[in-house]
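Let me begin by presenting the structure, written as structure tokens, before commenting on it.
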Amino acid sequence: MCKGLASLPASCLERAKELKARLRILLQKPNWTLSCSKIGKNKLTLEECLKWKESFEKLLSSKYGLCAFTAFLVSEFSEENIAFYFACEDYRRIKCPARLLTKAQKIYSEFISSEAPREINIDHETRDITKANMQDPSPSCFDQAQHRIYMLMAKDCYPRFLHSPAYRDLLCQAKTSTKATNLPQLEKKV
């Protein structure tokens, strides 16, 4: 007979929780979306693609780079990291104390709490500090957790992105686009 969840090994419970969270993300439309098609009329250039290799900051500061990196994280089921990072950036800009409290609770319940639908991967100490900060939310209450996630993306996700087929495809597309754009200029010179 079924003995319930308590009889399962902890690793099975953790895996079940992870699968539940992934399914929930796939079944619901995420609140944080970024569409590459809405960026503008400018095409991605080879120069811009190559700048992304220089630093993680340059990747995030590029509209196309951010979009490509986000799509990569979605493909790896870890888009909650970039969503949390930018939720914290938005949160820090809030000036109204009432909105600060509401937004802090929303971020905490979406990303930090143990039942969060998009729970980020942070250590217990950081989670506990963030939980304590929720007693009196300030613009800096998520700083430590945000820093941990930033470092995780910079040291883990970013290098994987640069070595991914997705990034190589973007480079090829940008090279092809650059050649096609320069071809009429070369014909005029001849």
Side-chain angles (χ1 to χ4, degrees), residues 21-22 25 29-95 100 103-104 106-108 110-112 116 118-123 126-127 129-130 133 138-186:
R22 286 184 179 187
I25 289 167
K29 183 179 177 186
N31 293 334
W32 191 86
T33 58
L34 179 63
S35 173
C36 293
S37 62
K38 295 180 182 176
I39 289 178
K41 296 178 182 177
N42 299 335
K43 291 186 176 184
L44 178 63
T45 65
L46 179 59
E47 181 182 4
E48 185 174 2
C49 263
L50 293 173
K51 278 187 181 179
W52 302 346
K53 289 178 114 176
E54 293 174 17
S55 73
F56 186 52
E57 292 80 19
K58 288 188 180 182
L59 173 72
L60 293 184
S61 66
S62 160
K63 291 178 183 177
Y64 283 112
L66 177 58
C67 184
F69 185 64
T70 300
F72 172 75
L73 292 176
V74 168
S75 75
E76 296 216 328
F77 299 101
S78 60
E79 74 279 359
E80 68 277 359
N81 294 327
I82 197 79
F84 173 73
Y85 178 81
F86 281 104
C88 292
E89 290 294 298
D90 291 342
Y91 172 78
R92 193 176 289 113
R93 289 191 279 274
I94 295 173
K95 302 294 181 211
L100 205 65
K103 183 71 171 178
K106 183 178 180 195
I107 291 171
Y108 185 84
E110 186 173 354
F111 298 106
I112 308 286
R118 300 167 81 187
E119 186 180 358
I120 56 171
N121 185 10
I122 55 175
D123 59 272
T126 303
R127 189 176 310 279
I129 289 169
T130 305
N133 290 344
S138 69
S140 62
C141 71
F142 294 108
D143 284 0
Q144 187 172 354
Q146 184 187 24
H147 178 73
R148 296 265 192 246
I149 291 302
Y150 180 88
M151 294 309 295
L152 174 72
M153 290 189 299
K155 295 194 181 302
D156 181 46
C157 304
Y158 172 63
R160 281 198 329 269
F161 169 73
L162 293 178
H163 292 96
S164 71
Y167 178 67
R168 286 194 301 270
D169 289 348
L170 283 172
L171 279 175
C172 288
Q173 289 173 16
K175 284 178 188 175
T176 304
S177 176
T178 302
K179 287 179 185 176
T181 304
N182 291 337
L183 191 59
Q185 293 171 352
L186 291 174

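In what follows, every heavy atom counts, from backbone to side chain, and hydrogens, waters and symmetry copies are set aside. Along the sequence shown, residues carry numbers from 1.
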Rounded distance (nearest 0.5 Å) linking atom [atom1] of [X] with atom [atom2] of [Y]:
X    : Y    : atom1 : atom2 : answer
I120 : I107 : CD1   : CD1   : 10.0 Å
R160 : L73  : CZ    : CG    : 8.0 Å
K51  : S62  : NZ    : OG    : 9.0 Å
L59  : K53  : CG    : NZ    : 12.5 Å

Kindly indicate whether the side chain of [X], heavy atoms from C-beta on, has any atom under 4.5 Å from the side chain of [Y].
X    : Y    : value
L46  : L171 : yes
E110 : E80  : no
I82  : L60  : yes
F56  : M153 : yes
F111 : I149 : no
S138 : N133 : no

(message) Please enumerate all residues that pass ring pair (Phe, Tyr, Trp, His ring centres under 6.0 Å) together with F161, with sequence neighbours excluded.
(response) F69, F72, Y167
(message) Test of understanding: with ring pair (Phe, Tyr, Trp, His ring centres under 6.0 Å), list the residues that count as partners of Y85, not counting sequence neighbours.
(response)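 Partners of Y85 by the ring pair (Phe, Tyr, Trp, His ring centres under 6.0 Å) criterion, ordered by chain and then number, come out as Y150.
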(message) According to salt bridge (Lys or Arg N to Asp or Glu O under 4.0 Å), who are the partners of D143, at least two apart in sequence or on a separate chain?
(response)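 Here the qualifying residues are R92.
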(request) For R168, enumerate each residue passing the salt bridge (Lys or Arg N to Asp or Glu O under 4.0 Å) test, keeping only those at least two apart in sequence or located in another chain. (result) none
(message) Please enumerate all residues that pass side chain to side chain contact (heavy atoms under 4.5 Å, CB included) together with T126, with sequence neighbours excluded.
(response)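 Per chain and number, T126 pairs via side chain to side chain contact (heavy atoms under 4.5 Å, CB included) with I122, D123, T130, Q144, A145, R148.
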(request) Could you pull out all residues at least two apart from L170 that satisfy side chain to side chain contact (heavy atoms under 4.5 Å, CB included)? (result)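 If we apply the side chain to side chain contact (heavy atoms under 4.5 Å, CB included) test to L170, skipping adjacent residues, the hits are L44, C49, W52, A68, Q173.
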Please name all residues satisfying side-chain hydrogen bond (donor to acceptor under 3.5 Å, both in side chains) with [X], sequence neighbours left out, ordered by chain then number.
X    : result
N121 : none
K58  : E54
R127 : E119
D169 : none

(request) Show your reasoning for whether side chain to side chain contact (heavy atoms under 4.5 Å, CB included) applies to F142 and I112. (result) CA-CA 10 Å; F142 294 108; I112 308 286; 4.3 Å; yes
(request) Would you name the heavy atoms of Y91 and C141 that are closest together and state the gap between them? (result)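 Closest heavy-atom pair between Y91 and C141: OH-SG, 3.4 Å.
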